[in-house]
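To start, the structure under review is shown below, and the notes come after it.
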Amino acid sequence: MANDIGLIGLAVMGQNLVLNMEDHGYSVSVYNRTKERTEEFVAGDAQDKNVTPTYELAEFVSSLSKPRKIMLMVKQGAPVDSFIERLLPLLDKGDVIIDGGNSFFKDTIRRNKALEEQGLLYIGTGVSGGEVGARFGPAMMPGGQKKAYDLVEPIFTAISAKAGPNSDVPCSTYIGADGAGHYVKMVHNGIEYGDMQLICEAYNLMRHGFGMSVEDVQAVFNEWNRGKLQSYLIEITADILNEKDKQTGKPVVDVILDSAGNKGTGKWTGQSAMDLGVAAPTIVEAVFARYISAFKDERVAASTQLTGPTAKFSGDVDAMVQATHDALYASKIMSYAQGFGLIRGASKEYGWNLKFADLSRIWRGGCIIRAQFLDRITESFEADPALANLVLAPYFKDAVLDAQENWRKIVIAGIESGIPTPGFTSALAYFDSYRSAILPANLIQAQRDYFGAHTYKRVDMPGSYHIDWPEDGRPELKTG
């Protein structure tokens, strides 16, 4: 009997998605580039389950019911294109290929168009939640032809996380055409970068600015996770700070090298912000913070030559912890505001007609940026789908204005103590820029007109203008 769906790529995420599908009553065919991985899987976790191992692509394809639904869980880039090319001669018109990896959205647009021209359907879907999410319920962000989504919707709805007041709302929905799903997942990851950086800055200030022990900081994160900062990332931070290293007995965070890795989605988010002309400074600063952390040897050498503030904090620690809480919450709002600003820009650029309330709704469970305040974001976009910026929604406007004094206090504390806070600082600068009726860009335009005759606009009449700047006394532009 033919199986409901096939999955190629039996790394951790692929295996767990297969088991999740099988749990929900779907029969699954599996294929992996290496035969040994398939054999290990079916003899281990998939033993006695409705999972069919295959060892040739032709065998894999022929084991599936029509229209065939094939999910790729392989590394983004060339491996995806390679498997598509190998599958093409084996497929019939109307079959669906699903890319569940972190592919670049423009690659997904290209693949969608090319396959559609050959009568095949293509879905690029973001899958968030790591291995636990894949196993027990991820957040899923599928984009592609609507008729392709309709074919896989029952499976995606079944295996996705469930959220909402009654934990019955699927954390999966149709995002939009061609690359929309992978774009939204990319921005989700950019917001994740920002969220993680802000949490780490809060930790760093409490630990090294206010002189708190790891145990005390852990207790703070535990407390924060019971309030409006409640989220997956706050929860796991408390867990991490509670963990002791088995070799030394020290807090495990103190034996982990301070050099952060990345897989590229944060970089893509920053590049897209540049392409679209949308400000996303907190997300970009989070990416840069990881980059500079990787220069560990240079930083250690520089620390012996470059000095900064040395005064020890002597104020009210409890008051500063509360201020840090407020700064984290306000900055988190700015990070999400920037992410949704990017999604708005891309929706307009690519004609996706994305629905922001739907996006925040499916992020409420299963994914890394799951957070209590996503309910508030959903409510805000439901009340005003055309909301220009998240910070203008009544709830978030009041929250930021209430936190503003403490937010500024924390940025100042970081500067005065020499502790870097690029996330907090960039978020505050974004807020101050967005709320400013007048910015110094008028001087920038004058400078551009002076050296490049780029023209400028006036505040009092329409059109573009240029000044014949005087030649006499003009500074010489040295060229050699």
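Owing to the predicted nature of the structure, the values given are computational and were not obtained by experimental measurement. All values below come from the heavy atoms of this structure, side chains included, with hydrogens, waters and symmetry mates left out. We number each residue from 1, following the sequence as shown.
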Using a strict 4.0 Å threshold on nitrogen-to-oxygen distance, state whether [X] and [Y] make a salt bridge.
X: K397; Y: D402; answer: no
X: R370; Y: E235; answer: yes
X: K147; Y: D150; answer: no
X: R361; Y: D375; answer: no

Output yes when a side-chain donor or acceptor of [X] lies under 3.5 Å from a complementary backbone atom of [Y], and no otherwise.
X: Y395; Y: E379; result: no
X: S347; Y: R344; result: no
X: S82; Y: A78; result: no
X: N225; Y: S231; result: yes
X: T421; Y: V411; result: no
X: K162; Y: S160; result: yes
X: Q218; Y: A238; result: yes
X: S167; Y: A163; result: no
X: S213; Y: D216; result: yes
X: D245; Y: T248; result: yes

Would you say the ring centroid of F431 lies under 6.0 angstrom from that of W407?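 Ring centroids of F431 and W407 are less than 6.0 Å from each other.
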A quick test of your reading: do over 12 heavy atoms of other residues, nucleotides or ligands sit less than 6.0 Å from [atom1] of [X]?
X: Y232; atom1: OH; answer: no
X: Q372; atom1: CD; answer: yes
X: I438; atom1: CD1; answer: no
X: L392; atom1: CG; answer: yes
X: D297; atom1: CG; answer: no

Pairwise side-chain contact, [X] with [Y], heavy-atom cut-off 4.5 Å (strictly under):
X: F424; Y: R408; result: no
X: M212; Y: R207; result: no
X: M140; Y: C171; result: no
X: K250; Y: K244; result: no
X: M461; Y: Y465; result: yes
X: R110; Y: D107; result: yes
X: V96; Y: M71; result: no
X: L241; Y: Y203; result: yes

Qualifying residues under side chain to side chain contact (heavy atoms under 4.5 Å, CB included), relative to [X], sequence neighbours excluded:
X: N262; value: Y193, R290, Y291
X: A446; value: none
X: P251; value: V214, E215, V253, D254
X: A273; value: A280, L342

According to the interplanar angle, ranging from 0 to 90°, do the rings of F451 and H454 count as parallel (below 30°), tilted (30 to 60°) or perpendicular (above 60°)? perpendicular
Could you check F156 against Y149 for ring-ring contact (aromatic ring centres under 6.0 Å, His included), going step by step and ending with a plain yes or no? CA-CA 9 Å; F156 283 12; Y149 172 74; 7.1 Å; no
Side-chain donor-acceptor contact under 3.5 Å, [X] with [Y]:
X: Q230; Y: R226; value: no
X: D99; Y: S103; value: yes
X: D178; Y: W352; value: yes
X: S360; Y: T378; value: yes
X: D318; Y: Q322; value: no
X: S272; Y: D275; value: no
X: H182; Y: T108; value: yes

Derivation of the side chain to side chain contact (heavy atoms under 4.5 Å, CB included) call for V321 and H325: CA-CA 6 Å; V321 168; H325 169 281; 5.8 Å; no
Does Q447 form a side chain to side chain contact (heavy atoms under 4.5 Å, CB included) with I444? I'd like the steps, not just the answer. CA-CA 5 Å; Q447 292 169 336; I444 290 175; 4.2 Å; yes
What distance separates [X] [atom1] from [Y] [atom2], expressed to the nearest 0.5 Å?
X: T269; Y: E192; atom1: OG1; atom2: CD; answer: 10.0 Å
X: I199; Y: L328; atom1: CD1; atom2: CG; answer: 6.0 Å
X: K332; Y: L198; atom1: NZ; atom2: CG; answer: 8.5 Å
X: I333; Y: I377; atom1: CD1; atom2: CD1; answer: 8.0 Å
X: K267; Y: F288; atom1: NZ; atom2: CZ; answer: 11.5 Å
X: F396; Y: Y336; atom1: CZ; atom2: OH; answer: 9.5 Å

S426: side-chain hydrogen bond (donor to acceptor under 3.5 Å, both in side chains) partners, not counting sequence neighbours: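 T282.
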List in chain and number order the residues that pass side-chain hydrogen bond (donor to acceptor under 3.5 Å, both in side chains) with H466, two or more places apart in sequence or in another chain; answer none if no residue qualifies. D449
Any idea which heavy atoms bring [X] and [Y] closest together, and the distance?
X: A139; Y: G365; result: CB-O, 3.6 Å
X: A134; Y: N20; result: O-ND2, 3.0 Å
X: A286; Y: Q197; result: CB-CB, 3.7 Å
X: I123; Y: P142; result: CG2-CB, 4.0 Å
X: M73; Y: L7; result: CG-CD1, 3.8 Å
X: I419; Y: H208; result: CD1-C, 3.7 Å

Testing F356, F340, F373 for ring-ring contact (aromatic ring centres under 6.0 Å, His included) with W363, which one passes?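 Exactly one candidate clears the test, F340.
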